[in-house]
Amino acid sequence: MTVSATLYTQNPDESARQPARSSPLPQSLRRIIVVGGGSAGWMTALILARTLIPRGVEVTVVESPAVGIIGVGEGSTPWLRGFFDSLGIEESEWMPACHATYKCGITFAGWSTKPGFESYFHPFASMLDNLTMKQFVHNCDARVRGVDVHAHPDRFFIASRLAAKHLAPKPETNFPFDIWHGYHFDSVLLGQFLQKKALQRGVRYVAAHVTQALLGESGAIEALQTRDGPNIDGDMFVDCTGFAGLLITQALKTPFVSFANNLFNDAAIALPSPMGSVVPSQTISTALKHGWAWRIPLTERYGNGYVYSTQFCSPDQAEHELREHLGLTDDSDVSARHLKMKIGRVTKHWNKNCVAVGLSQGFIEPLEATALLFIQQTATTFVEFLERGDLGEAAQEQFNAQVNAHFEGTRDYIVTHYKTNSRTDTEYWRANAANLQLSEPLKQLLSLWMSGKGIAPAIRQQALGKGYPIFSWYSIMAGMGIFPDPHTLRPPAPGEHIYPLTAIDDLLERSSRNYRDHAQVLGNIPARRQGDSLQIYFW
Ligand SMILES: Cc1cc2nc3c(=O)[nH]c(=O)nc-3n(C[C@H](O)[C@H](O)[C@H](O)COP(=O)(O)OP(=O)(O)OC[C@H]3O[C@@H](n4cnc5c(N)ncnc54)[C@H](O)[C@@H]3O)c2cc1C
């Protein structure tokens, strides 16, 4: 099993470093207008500001005083660390400001009914997992072929051990094994923090409600008409207006591809609850009757919510079920927020002189907390294209193909959670399991798994399962118990190699003792050590 680690970021001192000057920016690019001041607007503004303000480009965020932000979205992938690192912003600064906690991964509870597989943990990977990945993949492949070996992911990854013990993915100073980790945070506070940073870094701000985009003869956007003030001119416009898609959809009429035929959830409810003295270092996603509930620990409270399908249950039923699940009665004075979700993506994220970032470009339900990653990657890739000085049609097509492939890959991984469920208690779960509207690559991956030949080579070559690494695909398939019926399993044949688990248990237990208590670490977040960098592990 080969392992590759990508060095993602730079030393803290480099935050002030100016990006290397590449091709000259097009003369026509002097003013970029970002419409929207949610997480997408401010993250994009900061990414643009870092590279473009030093090169004389003006970056302005326009935000409506009349339309609020969505105000949910409390979990991240590990890439968010790369975002802050690239801006030279320390965890010790942003995490307390956003009531943030560390995230080792996600427990999926109740998605499978197969004995022994009622719950599993989708870990973030680490250097230490080099020592156990080979055994995990070997055992999974053997079990699919009918050999009676242990192949549940939880016993093979250090992150699941840390999460189970409420430890932070932060080792003692003398233990050199870095862990790839994400975060939980208060999304409203995150928006405020990002806004403050962006303004400090030279981003301009205009509070104005945009009534419409004015198009020129070429069909590109020339200016924005506002409700009470003057028109706002720009050379390039970034649509961060959330589900409204004011520029990309309403003005430019960019077609939208719905994912509703294989992702049924279209609504959510959010509800806070009090935090105790133990602060977990994981998200818990529990399957309920018509969707799933999230439980996200922040330093000051839990964020909870229910993502469900209105085809199968009403908002009132969903709220009742969520409150029951949380042990909060219907008459509790904690009010719930009800939200609608539009699942899918636009066909062109970059259309004429407009780029859509955030919910305006599309959304895949939050089961793997990938939305901020889409924002980060879309904005970063756009800056790379600008730096190349190429804004032509071929560049736009290449950009759109890249972002669309990211959406499709992530969609397939999320669909797998539903397709592999074995619940039969409601029509919702039966319909998900019976759903045949799968992409060709996903069909091939599922049938390759069932063949027992192993899916690792196809994922490594990026032929199948794009967007998620080998350990994620093995974790989901094994974690859901997609193996032959236990009664049909045979003992390993003489000479057939199997990995005993005792050595792995021992290794993970000893290793876990080098990681620190989560609540304690949050009380005093250490500054990054000189030379620390984000290692991204892919198998
Ligand atoms: C239930 C749910 C759970 C989620 N969980 C996660 C998660 O765990 N992890 C994750 O990464 N993401 C999650 N997300 C997604 C995440 O919330 C969003 O991707 C993120 O907040 C970015 O939103 P946004 O900035 O695109 O839109 P919004 O927050 O909706 O911001 C839109 C902005 O546009 C402005 N605007 C709108 N109309 C106008 C106008 N006419 N003129 C001027 N300004 C205008 C508004 O004032 C606002 O500032 C979740 C989403 C939902 C629905």
Side-chain angles (χ1 to χ4, degrees), residues 33-45 60-80 83 103 106 182-192 194-195 205-213 224-229 232 237-251 265-271 283 285 291-296 298 303-308 318 322 336-343 349 356-379 410 414:
I33 310 294
V34 178
V35 188
S39 313
W42 291 114
M43 282 178 79
T44 305
T60 304
V61 170
V62 180
E63 185 189 22
S64 168
V67 183
I69 62 167
I70 191 147
V72 284
E74 300 179 328
S76 87
T77 66
W79 295 94
L80 191 65
F83 168 77
K103 172 178 172 185
I106 307 174
Y183 304 93
H184 307 111
F185 45 83
D186 181 310
S187 66
V188 174
L189 295 179
L190 179 70
Q192 290 166 2
L194 296 174
Q195 173 172 15
Y205 178 71
V206 176
H209 184 82
V210 177
T211 45
Q212 64 166 319
L224 305 174
Q225 193 178 66
T226 63
R227 187 178 281 159
D228 302 310
I232 298 171
F237 295 84
V238 186
D239 187 343
C240 295
T241 60
F243 285 129
L246 188 72
L247 310 184
I248 198 80
T249 303
Q250 293 185 37
N265 297 337
D266 59 357
I269 306 174
L271 192 61
T283 298
S285 296
W292 59 276
W294 77 78
R295 185 157 178 81
I296 288 185
L298 307 182
N304 309 286
Y306 188 7
V307 175
Y308 67 97
L322 176 62
R337 283 189 62 209
H338 285 256
L339 300 143
K340 287 293 288 172
M341 306 188 305
K342 187 170 141 195
I343 305 297
H349 307 263
V357 185
L359 297 173
S360 63
Q361 71 179 133
F363 183 48
I364 294 174
E365 63 148 276
L367 188 57
E368 293 279 352
T370 45
L372 294 194
L373 173 58
F374 278 102
I375 294 170
Q376 190 182 338
Q377 289 200 339
T378 307
T410 303
I414 304 298

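When a ligand or atom number is given, it counts from 1 through the structure's own listing order.
If you look at A369 next to ligand 1, the close heavy atoms, those under 4.0 Å, come from the backbone and the side chain alike. When heavy-atom distances to ligand 1 are checked against a 4.0 Å cut-off, F374 has no atom that comes that close, whether in backbone or side chain. Contacts of L246 with ligand 1, taken as heavy-atom pairs under 4.0 Å, involve the side chain alone. Contacts between P366 and ligand 1, counted as non-hydrogen atom pairs separated by less than 4.0 Å, involve the side chain only.
Numbered from 1 in the order shown, with element, the atoms of ligand 1 that lie under 4.0 Å from a heavy atom of G37 read 33 (C), 48 (C), 49 (O). Numbered from 1 in the order shown, with element, the atoms of ligand 1 that lie under 4.0 Å from a heavy atom of A268 read 1 (C). Less than 4.0 angstrom separates some heavy atom of A40 from each of these atoms of ligand 1: 22 (C), 24 (P), 25 (O), 26 (O). Counting atoms of ligand 1 from 1 in the listed order, those under 4.0 Å from a heavy atom of G36 are 33 (C), 34 (O), 35 (C), 49 (O). Ligand 1 places these atoms under 4.0 Å from at least one heavy atom of C240: 32 (C), 33 (C), 34 (O). Set against the non-hydrogen atoms of G358, the atoms of ligand 1 under 4.0 Å away are 26 (O). Per-residue contacts place G75 under 4.0 angstrom from the following atoms of ligand 1 (heavy atoms of the residue considered): 7 (C), 8 (O), 9 (N), 10 (C), 11 (O). Those atoms of ligand 1 that come under 4.0 Å of a heavy atom in I70, given as number and element, are 17 (O), 21 (O), 28 (P), 29 (O), 30 (O), 53 (C).
Heavy-atom separations between A66 and ligand 1 are all 4.0 Å or longer. Using a 4.0 angstrom heavy-atom cutoff, F363 counts as in contact with ligand 1.
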* Start with the C-alpha gap between Y308 and Y306, add the side-chain angles, then the distance that decides, and say whether ring-ring contact (aromatic ring centres under 6.0 Å, His included) holds. => CA-CA 6 Å; Y308 67 97; Y306 188 7; 5.5 Å; yes
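Note on residues 61-76: pairs passing salt bridge (charged side-chain N to carboxylate O under 4.0 Å, His left out), not counting sequence neighbours, are E74-R301.
When A371, G182, G362, G305 are ranked by how near their heavy atoms come to atom 12 (N) of ligand 1, first place goes to A371. When the options V61, T226, I69, L372 are ranked by their closest heavy atom to atom 11 (O) of ligand 1, first place goes to L372. Of all the listed residues (I364, L359, L190), L359 holds the heavy atom that lies closest to atom 18 (C) of ligand 1.
Remark: S64 engages A66, V67, H209 in a side chain to side chain contact (heavy atoms under 4.5 Å, CB included) (not counting sequence neighbours).
Protein heavy atom nearest atom 45 (C) of ligand 1, with residue, atom name and distance: S64 CB, 3.6 Å.
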